[in-house]
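All remarks here apply to the structure that follows.
Here is how names work: the chains are called A, B, and so on, in the same order as the sequence lines, proteins then strands, and each is numbered from 1.
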Number of protein chains: 2
Amino acid sequence: MSTSAQKHDVFQAIADPTRREVLRLLAEKELPISELTSHFPISRTAIAKHLHILSEAELVSGRKVGREKRYRLQTEPLTELKQFYEQFWNNKLSMLKYIVEDQEDNGLEVIKPDLDKHKS
Amino acid sequence: MSTSAQKHDVFQAIADPTRREVLRLLAEKELPISELTSHFPISRTAIAKHLHILSEAELVSGRKVGREKRYRLQTEPLTELKQFYEQFWNNKLSMLKYIVEDQEDNGLEVIKPDLDKHKS
DNA sequence: TTGATATGAAACCAAAAGGTTTTATATTTT
DNA sequence: AAAATATAAAACCTTTTGGTTTCATATCAA
C-alpha cells in the first residue's frame, strides 16, 4: 500500500491558525491533548480533530503513554514549504524580473516593474 | 493604507493547489485571466475567484490593460511563510530539543529531533 | 471496585470553499 | 453600429471545515 492517499497535505494543514499555534507549542515539547487544549478557547474534541489533520500531513505523531496520548512535532514535511517559497525567491523565476530588465532574450517575456503605473 | 481587515492570509491563499499553480504561472510572466484559465480544467469565473483570494493576500496584483486585466506576482507576503518555516528549523524552538536532550526527567519527555534526516 | 481522568468516536450544525451558470458591462475590431 | 472579446458580479449548489454535544472506552487512583 502506498502511503500517499493522504487527504490533507502540509499546505492545508498550516492554513488554520489554531493548527499553526499547535505546532508552535509542540515545537517546545511533547504534549498530550488535554494540555494542548488548555491553550485554546475551543473544545478538546476540536483540538483532537486538528491533531488528526496535522497527523495526516505527518506534521505530528502521537504516542500513547498511559491514559494519555502525547503528540510531538515532525518537521520533515515543512521542507515542502521551504521549497515552495524558494521557488519564488532565490531562483530565476522572480529574480529575472528585476535583473534582466533589459535583456528579454530568453523566450520568457520578463515583466518589468511597471513604471507606467506612475504615469498619469 | 493598512487595509488589514483581509479575509484571506497567505497561509490560506496557498492552501489550494490551483492557487499555487497560478502563482507558479505568474512567476514566469504577467498574465490575463483568460490566459491563466487555459491552463486549468475549471471555468474562468473560478479562476477569477482564486485571483481575488490571492489578491486579498497580496500575492498578486492586477492592472487593467485595455479590456483585459493582467495579473502579476507579488512575493513579499511569502516572507511570512519563510518565517514560519524557519521558526521550526533555525531557531531556539527546534534547537531546544537538542539542548535539553539529557534532562528527560520532568514529566514530559523531550523529543529528540528527526532533523538528522535532513541536515547532513 | 469505584470514581475520576484522558481520549476516541459519532451525530449534528452553520459557515466557508470551490465550483457552476447566467446576466451585465466595458473595450476592441470590423 | 454591430459583433466579438474580456471581465465582473450575482445567484445558486455541493462538499469541506471547524466547531459542538453526547456517549463509550481505557487507565489510573483511592
Side-chain angles (χ1 to χ4, degrees), chain A residues 5-26 29-72 114 116-117 119, chain B residues 5-26 29-73 107-109:
Chain A
Q6 51 174 161
K7 193 163 135 206
H8 293 99
D9 64 9
V10 182
F11 295 99
Q12 276 180 272
I14 65 161
D16 183 273
T18 299
R19 285 195 291 270
R20 289 198 298 276
E21 186 59 27
V22 165
L23 292 179
R24 282 186 205 100
L25 290 167
L26 292 182
K29 57 173 186 249
E30 195 183 43
L31 289 172
I33 300 187
S34 49
E35 248 293 296
L36 275 170
T37 303
S38 71
H39 291 80
F40 299 92
I42 61 180
S43 73
R44 177 195 54 86
T45 316
I47 296 295
K49 282 190 184 177
H50 283 307
L51 285 169
H52 188 254
I53 290 171
L54 289 170
S55 180
E56 268 189 317
E58 297 187 77
L59 279 165
V60 305
S61 66
R63 63 186 242 271
K64 224 170 146 202
V65 174
R67 61 183 153 183
E68 64 185 20
K69 187 159 184 185
R70 299 196 189 148
Y71 280 89
R72 61 171 57 181
D114 65 332
D116 34 70
K117 214 187 211 172
K119 77 173 183 209
Chain B
Q6 49 174 156
K7 195 163 131 204
H8 294 98
D9 63 9
V10 181
F11 296 99
Q12 277 180 273
I14 65 161
D16 184 271
T18 299
R19 287 196 291 270
R20 290 198 297 277
E21 186 58 26
V22 165
L23 293 179
R24 283 187 205 100
L25 290 167
L26 293 182
K29 57 169 186 251
E30 195 181 44
L31 289 173
I33 300 186
S34 48
E35 249 291 298
L36 275 171
T37 302
S38 71
H39 291 79
F40 301 90
I42 60 179
S43 73
R44 180 194 54 81
T45 316
I47 297 294
K49 282 189 185 179
H50 282 307
L51 285 168
H52 188 254
I53 289 171
L54 289 170
S55 180
E56 269 188 317
E58 297 186 76
L59 279 164
V60 305
S61 66
R63 62 189 243 267
K64 225 172 147 200
V65 175
R67 61 184 152 185
E68 64 184 23
K69 187 159 182 184
R70 300 200 188 140
Y71 281 89
R72 61 169 55 183
L73 181 67
L108 287 177
E109 180 186 336

Taking atom [atom2] of [N] as reference, at what distance in whole Å does atom [atom1] of [X] sit?
| X | N | atom1 | atom2 | answer |
| --- | --- | --- | --- | --- |
| A:K69 | D:dT25 | NZ | P | 18 Å |
| B:R70 | D:dA8 | CZ | P | 14 Å |
| A:L51 | C:dG8 | CG | C1' | 13 Å |
| B:L54 | C:dA17 | CG | C1' | 14 Å |
| A:R63 | C:dT7 | CZ | P | 13 Å |
| B:R44 | C:dT21 | CZ | C1' | 11 Å |
| B:I47 | D:dA6 | CD1 | P | 16 Å |
| A:E68 | D:dT27 | CD | P | 13 Å |

Practice task
Would you indicate whether the side-chain heavy atoms of A:V22 and A:F40 approach each other to under 4.5 Å?
Solution key: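 A:F40 reaches A:V22 side chain to side chain.
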Practice task
For residues B:T37 and B:I42, determine if any side-chain heavy atom of one lies less than 4.5 Å from a side-chain heavy atom of the other.
Solution key: no
Taking only residues two or more places apart in sequence, or in another chain, which ones meet [X] in a side-chain contact (heavy atoms from CB on, under 4.5 Å)?
| X | answer |
| --- | --- |
| B:E35 | B:L31, B:P32, B:S38, B:H39 |
| A:A48 | A:I33 |
| B:T45 | B:S43 |

Exercise for the section: Please tell me which of the listed nucleotides, D:dT20, D:dT7, D:dA10, lies nearest to the side chain of A:S43? Expected result: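 The nucleotide sitting nearest to the side chain is D:dT20.
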Exercise for the section: Consider the side chain of A:S34, meaning its heavy atoms from C-beta on, and name the nucleotide among D:dA6, C:dT7, C:dT20 that approaches it most closely. Expected result: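 Closest nucleotide to the A:S34 side chain: C:dT7.
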Between the protein and nucleotides 2-5 of chain C, are there any N/O to N/O pairs under 3.5 Å, and if so, what are the atom names and distances?
unit_1, atom_1, unit_2, atom_2, d
C:dT5, O4', A:R67, NH1, 3.3

Handout entry: 5'-most by nearest nucleotide on DNA chain D - B:P32 or A:G66
Key = B:P32
Handout entry: Partner set under salt bridge (Lys or Arg N to Asp or Glu O under 4.0 Å) for B:R67, not counting sequence neighbours
Key =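 For B:R67, no residue satisfies salt bridge (Lys or Arg N to Asp or Glu O under 4.0 Å) once neighbours in sequence are set aside.
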Practice task
State which residues pass salt bridge (Lys or Arg N to Asp or Glu O under 4.0 Å) with A:R20; sequence neighbours excluded, sorted by chain then number.
Solution key: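 With neighbours one apart ignored, the set is B:D9.
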Between the protein and nucleotides 14-18 of chain D, list every N/O to N/O distance that falls short of 3.5 Å.
unit_1, atom_1, unit_2, atom_2, d
D:dT17, OP1, A:Q12, NE2, 2.9
D:dG18, OP1, A:D16, OD2, 3.3
D:dG18, OP2, A:R19, NH1, 3.0
D:dG18, OP2, A:R19, NH2, 3.3

Practice task
Can you sort out the partners of B:E68 under side-chain hydrogen bond (donor to acceptor under 3.5 Å, both in side chains), two or more places apart, ordered by chain and number?
Solution key: B:R70
Practice task
Sort and list the pairs that fulfil side-chain hydrogen bond (donor to acceptor under 3.5 Å, both in side chains) and have at least one residue in residues 46-55 of chain A, not counting sequence neighbours.
Solution key: A:R19-A:H50
